[in-house]
Amino acid sequence: MEVSRAANEPQGPGAATGFASLDALLKDHGWPRGATTELLVGQSSANELRLLLPILAELTQKGEMVILIKPPFSPCATELAQHGIQLEHLLLVHPRDKRDCLWAIEQSLQSGGCSAVLSWQGNQLMSYRELQRLQQSAEESGCLHFQFRPQSESANPSPASLRLQLKSDRQLVLKFLKQLGSTRGQNLNFARRARLVLRDQPLH
């Protein structure tokens, strides 16, 4: 695995999302570094991945590794590349079970070899303590961690620094559920773009 040049370098307050309207609502004017951002979704669809395309493109173009752990769909390499993502710096990991999944997320966050980790909970329940371990791993490493979880988890407490609810129909609708040190409840709408998958499966 290629070691990220950014792993031990000073970090800014936030990583720009690529959407000015979203940056304006985020406390650090970008995705929180060294923290877990929860993205709560209904049925799994790579349309939700559109929200992260700008940051994935920026990181991979800098030669920094991005790891996707247990995505419930098959990303379309051609379309990802068309959005500026350098595929040689994108690693997909498919753990066998929940234990392996948690291990893979923690090890990726703590490795110093990547700048962002995207992970999907799927239908496997995670305890508050397990989520807290992931948050702590992200905090210690300064890594960006995006955790996709079922929308049904919105009523349950979470240690994540930022929680966003995503709904995808004709538009991608984003709602702030939690943001440490700032307000919540704002909504943002994003226009639909091309699909980025070859195959979709439900999260739960």
remark   = Residues passing the salt bridge (charged side-chain N to carboxylate O under 4.0 Å, His left out) test with E139, sequence neighbours excluded, are none
key: Residue list, salt bridge (charged side-chain N to carboxylate O under 4.0 Å, His left out) with D23, at least two apart or on another chain   =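 D23 satisfies salt bridge (charged side-chain N to carboxylate O under 4.0 Å, His left out) with no residue once adjacent residues are dropped.
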Answer yes or no: is there a side-chain heavy-atom contact under 4.5 Å between [X] and [Y]?
X	Y	value
Y128	N156	no
L56	L118	yes
D97	W103	no
L166	L51	yes
L40	P150	no
L52	P54	no

Under the side chain to side chain donor-acceptor pair (under 3.5 Å) test, which residues partner [X], sequence neighbours left out?
X	value
R129	Q132
E38	R149, S158, R163
S137	Q110

Heavy-atom pair with the smallest gap, counting every atom of [X] and [Y]:
X	Y	value
A138	L109	N-CD1, 4.0 Å
Q179	L25	NE2-O, 3.2 Å
I69	S108	CD1-OG, 3.8 Å
H83	L53	CD2-CD1, 3.5 Å
A160	K178	O-NZ, 2.8 Å
A16	I55	O-CD1, 3.8 Å

ask   = Does a side chain donor of either E64 or S115 reach within less than 3.5 Å of an acceptor in the other side chain?
value =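 Judged by distance alone, the side chains do pair up.
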ask   = Ring centres of W120 and F73 under 6.0 Å apart?
value = yes
request  = Would you mind listing every salt bridge (Lys or Arg N to Asp or Glu O under 4.0 Å) that reaches into residues 102-112, with sequence neighbours excluded?
outcome  =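 Non-adjacent pairs meeting salt bridge (Lys or Arg N to Asp or Glu O under 4.0 Å): E106-R133.
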inquiry  = Strictly by salt bridge (Lys or Arg N to Asp or Glu O under 4.0 Å), give each pair with a member in residues 13-22 just once, sequence neighbours left out.
reply    =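 Non-adjacent pairs meeting salt bridge (Lys or Arg N to Asp or Glu O under 4.0 Å): zero.
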Straight-line distance of [X] [atom1] to [Y] [atom2], nearest 0.5 Å:
X	Y	atom1	atom2	value
L90	I67	CG	CD1	9.5 Å
Q107	C114	CD	SG	11.0 Å
L91	L68	CG	CG	8.5 Å
E130	Q124	CD	CD	10.0 Å
W31	T37	CH2	OG1	6.0 Å
I85	L49	CD1	CG	7.0 Å

For [X], which residues count as a side-chain contact (heavy atoms from CB on, under 4.5 Å) partner, sequence neighbours excluded?
X	value
H94	P71, L92
L125	E153
Q165	Q151, K167, K175, L177
S161	A35, Q135, L180

inquiry  = Exactly one of Q136, Q147, H145 should register a side chain to side chain donor-acceptor pair (under 3.5 Å) with T36. Which one does?
reply    = H145
task = Assess whether side-chain contact (heavy atoms from CB on, under 4.5 Å) is satisfied between F176 and L22, documenting all intermediate values.
result = CA-CA 10 Å; F176 281 67; L22 178 55; 3.8 Å; yes
